[in-house]
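Let me begin by presenting the structure, written as structure tokens, before commenting on it.
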Amino acid sequence: MERRAVMAEQLINGQVIEACQQGDRDAFHSLFVAYRDKVFSIAVYSSGGDRSVAEDVTQQIFVKLFTAIRQFRGDSEFTTWLYRLVVNACMDERRRRRRLLPWGTTETTVAMSNVSDRKPQERQYARLEISEAVRNAIAELKPKFRLPILLKYIEGLSYEEIAEVMGCSKGTVASRLNRGHSQLAKRLSHLNNPALWGD
Amino acid sequence: MFSKHVTKDISAYCQGELSSEESKVFAEHIISCVKCRTKFEEIKLGIKLAEQLPRLSAPDSLWQEVDALLGKEPAPVSTVSWPRRMAIAAAVLLAVSIGAVWLYNSRKPSGWQVTRLGGAPRIGSETISASGSLAIGEWLETDANSRALIAVGSIGNVEIDENTRVRLLATQPTEHRLELARGKMSARIWAPPRLFFVDTPSAVAADLGCEYTLEVNDHGAGRLSVTSGWVALQSKERESIVPAGASCETELGKGPGTPYFDDSTPEFKNALRDFDKAPGNGTGALASILSQSRPRDTLTLYHLLPRVNEEDRMHVYEKMAGLVPPPDGVTCEGVLKLDQKMLQQWRSSLETVWGPGGKGLPKNMKEWKLLKKGGDPKFFGKDGAK
């Protein structure tokens with residue numbers, strides 16, 4: 001699955017983007033296939049694990065991308081430009097949901113347990129538990145610490161690329177990742193057990 | 001010399017975002033700063049956890065929904081001509097080929113440089129002529145007439161003796177790991193503590209900034225001898241700290257034994273060997289160990305504290321307290337109850353007795369530089385610099 005997505009991403013070059021800018025649906029479908037999983041993953045983790053919200057956000061992002069891509073001038077990497085769109089859409093959605101949520105309801109109460117992407121046939125049970133604990137802990141991080149982590153580990157961006165997407169300095173990215181890693185370690189210190197990792 | 005704390009750079013260091021000069025300053029600082037080293041361990045765990053974050057798969061139905069919504073959007077009129085479509089198709093085809101080649105190359109695991117020192121060492125099934133590269137998962141094997149030298153990234157090197165079989169398990173900024181299945185290797189490592197590990201069938205050797213040799217026999221038992229600095233020998237239940245001039249044996253199913261100084265008496269070593277073989281029936285052996293102990297041998301006695309029963313622990317404590325009195329705040333009652341805080345406090349003061357030249361684990365830059373100068377000048381340079 002991931003290999004297919006990586007292959008699809010390799011296909012996105014200047015000509016495909018230019019075709020998308022011309023309204024070519026086939027080219028846009030290629031773009032969608034290349035980035036759907038990455039965009040969806042960020043949307044899921046940013047919405048506290050709510051897949052239905054994440055599906056809505058992902059749809060909105062691609063619909064917006066279809067028209068907004070005409071404004072892409074190639075001043076930056078296409079991926080940087082796309083992730084900026086994704087990050088802004090996720091932040092907008094979060095602000096919107098905060099207005100709608102009653103007092104006392106926090107994001108962490110939004111059911112992370114709805115995330116049911118478990119593939120027990122492919123992974124060891126212990127790893128699944130770790131993975132789920134990490135998802136929950138990521139959902140509890142403040143957005144300014146969570147987003148750099150998602151861009152680093154889901155998108156595989158460098159510090160410089162993350163800085164460009166988030167509109168901040170590389171030093172700020174380093175600092176936020178440091179604090180994000182530190183908070184993850186503190187919240188999940190009980191997982192610091194070699195037996196769980198099969199080390 | 002004043003050296004700023006480096007906690008803010010830990011993630012960047014672990015993820016290869018620092019320049020080589022910055023990395024060197026970082027490594028030099030962290031190896032001697034307890035505060036930064038503690039934070040380093042915490043951030044390493046955070047990175048390890050974040051790496052478990054899976055990418056999720058978007059539902060297959062998503063395109064239909066997006067496509068339906070696009071139908072309502074004021075899509076720009078397609079001005080893409082057929083010849084242009086053909087050109088795009090050709091470009092996509094070309095990109096597939098380039099992508100496939102890129103994927104193949106990018107997925108090739110990074111490896112370590114191996115230099116032949118003699119004979120015909122092999123990586124996998126191929127013999128090394130002068131040098132080769134050891135990729136993750138590959139075995140390097142020497143026969144009775146061959147030897148090899150592995151460059152461990154930029155943090156040191158490992159000499160592989162005759163009749164040895166090693167495998168590269170991991171090479172990342174946060175962890176370099178070899179497996180020694182059998183034979184003998186000598187490591188010289190310049191890196192922050194606990195970055196370089198060697199897995200053996202009966203224990204894991206964790207480098208704390210040092211030089212050492214490690215041997216594994218055909219039964220999976222091993223022996224660690226440290227020539228400079230410190231090494232921790234670990235299993236799931238046990239950890240033995242081994243300073244320069246000391247050794248520690250390991251046994252399959254039992255893990256690391258009790259460390260001892262190489263210059264201790266033969267009677268002391270024999271008694272310790274007997275005790276490690278059968279700790280439950282080791283009262284006679286223990287009496288011999290205690291009677292032969294010198295102040296330095298508190299290294300052995302300290303490791304025996306949790307490995308003996310409560311009655312024998314009192315004898316060990318009394319002998320230790322007679323040789324090196326415990327610091328203020330460490331009581332007999334606390335030690336007998338194996339109070340971790342008190343044991344750690346006593347160990348910190350004992351490390352100065354065990355350490356090379358009367359030095360404990362380096363606690364600041366000055367102490368670390370002194371430790372470096374005590375190392376092999378070929379490795380550290382004439383002035384002690386790397």
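Chain letters run A, B, ... following the sequence lines, proteins first, then strands; residues in each count from 1. Computed from a predicted model, the values in this text were never measured in an experiment.
- To the nearest 0.5 angstrom, Ile47(B) atom CD1 is 9.5 Å from Ile149(A) atom CD1.
- No more than 12 heavy atoms of other residues, nucleotides or ligands shown are found within 6.0 angstrom of CD on Glu77(A).
- Distance check: Cys14(B) SG to Asn178(A) CG gives 8.5 Å after rounding to the nearest 0.5 Å.
- With chain A as the partner, the residue from Ala12(B), Gly46(B), Ser61(B) showing the most heavy-atom pairs under 4.5 Å is Gly46(B).
- For chain A, the nearby part of Thr7(B) is the backbone; its heavy atoms alone come within less than 4.5 Å.
- In this structure, a donor-acceptor pair under 3.5 Å is absent between the side chains of Ser131(A) and Gln52(B).
- For the pair Glu17(B)/Glu160(A), no side-chain contact is recorded, criterion being any heavy-atom separation below 4.5 Å from C-beta on.
- Interatomic distance, CZ of Arg55(B) versus OG of Ser41(A), reported as 6.5 Å (0.5 Å rounding).
- The interface of residues 162-173 of chain A with chain B, defined by heavy-atom distances below 4.5 Å, comprises Lys170(A).
- Comparing Asp9(B), Ile43(B), Leu169(B), Ile10(B) by how many heavy-atom pairs each has under 4.5 Å with chain A, the most go to Ile43(B).
- Between Arg179(A) and Ser11(B) there is no side-chain heavy-atom pair separated by less than 4.5 Å.
- Leu53(B) has its side chain within reach of Tyr45(A): a pair of non-hydrogen atoms, C-beta onward, lies under 4.5 Å apart.
- Put simply, the side chain of Lys39(B) reaches to within 4.5 Å of the side chain of Ser182(A), judged on heavy atoms.
- Interatomic distance, CG of Asp67(B) versus CZ of Phe32(A), reported as 9.5 Å (0.5 Å rounding).
- With rounding to the nearest 0.5 Å, the separation of CD in Gln59(A) from CG in Leu69(B) is 5.5 Å.
- Looking at Leu56(B) and Ile154(A), their side chains never come closer than 4.5 Å, going by heavy atoms from C-beta outward.
- Under a 3.5 Å cut-off, the side chain of Asp37(A) and the backbone N or O of Ala58(B) do form a donor-acceptor pair.
- Residue Lys254(B) places its NZ atom among more than 12 non-hydrogen atoms of other residues, nucleotides or ligands, all under 6.0 Å distant.
- When Leu184(A), Leu188(A), Leu191(A), Asn192(A) are each tested for a side-chain contact (heavy atoms from CB on, under 4.5 Å) with Leu45(B), only one passes: Asn192(A).
- Residue pairs meeting the ring-ring contact (aromatic ring centres under 6.0 Å, His included) criterion with at least one member in residues 136-172 of chain A, sequence neighbours excluded, are Tyr153(A)-His181(A).
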